[in-house]
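Please read these numbers as outputs of a predicted model, since none were measured by experiment. Atoms within a ligand are numbered from 1 in the order they appear, just like the ligands themselves.
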Amino acid sequence: MRLSRYFLPVLKETPREAQIVSHRYMLQAGMIKQSSAGIYSWLPLGFKILRKLENIVHEEQQRAGHLPMLMPTVQPGELWEESGRDNSYGPEMLRITDRHGRKMLYGPTNEELITDIFRSHVTSYKELPLTLYHIQWKFRDEVRPRFGVMRGREFFMKDGYNFDLNKENALHAYNRHLVSYLRTYERMGLKAIPMRADGGPIGGDYTHEFLVLAETGESEVFYDSAVTDLRLGDREVDFRSVEQCQAIFDEWTTPYARTDETHDEAIFADVPKERQSTARGIEVGQIFYFGTKYSETMGALVDDGQGNKVPVHMGSHGIGVSRLLGAIIEASHDDKGIIWPEGVTPYHCGIVNLKQGDAEADAACDSLYDSLTALGLEPLYDDRDERAGTKFGTMDMIGLPWRLTVGPRGLKNGVVELTSRKTGESEELPPEQAVERIAQIYASVR
Ligand code: ATP
Ligand code: MG
């Protein structure tokens, strides 16, 4: 992409409404624009990253054997009357009346809708296990929308639902989700810790939240610092293996890690003193096993093979895809701007032309651009007629992990400069070698 043809409305001034750094940088870098409280338009740069995160979530869900689908944003009120949550969900639900006076709502979550789909089509244990998911916009009329996309009213969420014959199988689905979530966050360059949590309005007592540690997090968390050393790494996981998923679940949930809702001082006291840690955390996902709560009330029954009709065991599992943009920025930035992890960066590298209009510099930039593109990489070329300082400022703010700087002086010696956004370290290399280096870096990014 050439910046001269892009739509990147970078703000010069610091937006006053932003209380935390991710919100400020997302506005400054021209990624989002608020349309009303807690509701945003996603401008091209923000949208590109949102799509990248969405793709990672899709890949990891399907790797775990979960099936993608799409349910609507607007739901019929009757299903929520049937489940009993029409009353219990409260003012967070945006209720709509259609022209015929029918009660509708903008979905805050989809347990009712998916249970209705299931009961309409599945009648036998032979069709189990089944896990369906979608990534769709949700609406929750939050009392205090704030922090930009981190606590929006409209937000983009992956929600998945497992259907199993019994508790044992449903707990395998639970563990499988835990493992696939860990993989998902790792690919995004994030350390998200699964923590014992509280059921909330979805219900159920078997639940973990995934928290990214950050000073601006809304939850207070207590944990054994040993948990922060755990990595999944490139471990091959067979998601069908009950033992493997259970082992990873045990590994990650044995060290003490709880949110303030479930924190227990007495148990925490058993953690060695030097490892007892408290911090703030951002919730980027949550998994639930809630048994037959919905299947019993809504009549989602299957034949168990012995002539009995039994309610299926269910769980639901959510990832806050739009919130993740904010969480990644909170975890990875400096005072100049964002530092995207390589797995989610909107463009693989920036190209800064120090002397736009200089025939040699222009040709060298074009050639770098073409070579990178030919290798399947996406460069962002700042070809604007701007001062070098302005171009560097923009690149630092939008946070691409690598920058190539091209100018007449370097070209005279046959080199361009390759700079890491994270460390600020630069290296002078012949253009072909610089391209090769960048290709190598991304070859190792899953
Ligand atoms: P919170 O406690 O932050 O209000 P929740 O527990 O009500 O969230 P879930 O029902 O678990 O949310 O939804 C799954 C995920 O969706 C959450 O883990 C979070 O990452 C994301 N999410 C929830 N509410 C919002 C929101 N208002 N804006 C952006 N993302 C959200
Ligand atoms: Mg939650």
Side-chain angles (χ1 to χ4, degrees), residues 20 22-23 26 32 34 36-40 42 46 50 53-54 56-57 61 73 85 88-94 106-114 133-161 174 177-178 180-182 184-185 188 190 192-214 216-221 258-262 280-290 293-294 315-331:
I20 62 171
S22 58
H23 187 194
M26 286 184 78
I32 50 168
Q34 181 174 306
S36 60
I39 304 179
Y40 292 86
W42 293 77
L50 188 67
L53 300 184
E54 183 186 8
I56 292 176
V57 173
Q61 284 307 301
T73 52
R85 281 207 297 182
S88 62
Y89 213 91
E92 269 194 15
M93 188 144 80
L94 180 65
Y106 195 119
T109 178
N110 282 59
E111 280 79 7
E112 283 75 4
L113 215 63
I114 197 83
Y133 79 93
H134 73 162
I135 306 179
Q136 177 63 294
W137 294 94
K138 304 290 185 292
F139 195 95
R140 294 182 190 171
D141 205 351
E142 301 273 355
V143 206
R144 272 216 302 156
R146 57 187 182 147
F147 300 159
V149 300
M150 293 254 263
R151 184 161 296 284
R153 292 197 295 167
E154 188 181 54
F155 60 98
F156 202 41
M157 177 172 135
K158 171 261 161 180
D159 43 323
Y161 306 86
Y174 187 88
H177 278 88
L178 181 127
S180 72
Y181 279 26
L182 290 173
T184 304
Y185 300 125
M188 296 176 182
L190 277 179
I193 305 170
M195 301 200 178
R196 272 267 293 266
D198 194 53
I202 309 247
D205 49 19
Y206 215 93
T207 175
H208 282 83
E209 285 180 358
F210 292 76
L211 286 113
V212 171
L213 303 181
T216 46
E218 290 184 297
S219 325
E220 189 174 17
V221 299
R258 296 192 185 191
T259 64
D260 49 6
E261 290 160 339
T262 52
R280 313 284 310 173
I282 302 168
E283 182 194 328
V284 291
Q286 185 162 12
I287 53 177
F288 295 90
Y289 161 66
F290 46 69
K293 179 178 150 100
Y294 293 91
S316 71
H317 316 274
I319 294 183
V321 181
S322 49
R323 178 180 287 182
L324 273 165
L325 264 94
I328 294 171
I329 297 172
E330 290 298 323

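The backbone and the side chain of E283 each have at least one atom closer than 4.0 Å to an atom of ligand 1 (non-hydrogen atoms only). Residue E218 does not touch ligand 1, judged by heavy-atom distances below 4.0 Å.
Ligand 1 lies nowhere less than 4.0 angstrom from a heavy atom belonging to K138.
For atom 10 (O) of ligand 1, the nearest non-hydrogen atom from the set R140, Q286, M157 belongs to R140. Here the shortest heavy-atom distance to atom 15 (C) of ligand 1, taken over G320, G38, A197, belongs to G320.
Distances from the Mg ion (ligand 2) to each N, O or S atom of E283 single out OE2 as the nearest.
Heavy-atom proximity to G285, at under 4.0 Å, picks out these atoms of ligand 1: 18 (O), 20 (O). Shown in contact with V284 at under 4.0 Å from a heavy atom are these atoms of ligand 1, numbered in order with element: 18 (O), 20 (O). Counting atoms of ligand 1 from 1 in the listed order, those under 4.0 Å from a heavy atom of V149 are 29 (C).
Using a cut-off of 2.8 Å, one finds that E209 contributes no N/O/S atom close to the Mg ion (ligand 2).
Geometrically, ligand 1 and R153 share no nitrogen or oxygen pair separated by less than 3.5 Å.
In this pair, Y181 and F210 present their aromatic rings tilted. The plane angle is within the 30 to 60° band. Ring geometry for Y206 against Y174 counts as perpendicular: the plane angle is over 60°, on a 0 to 90° scale with 30° as the lower cut.
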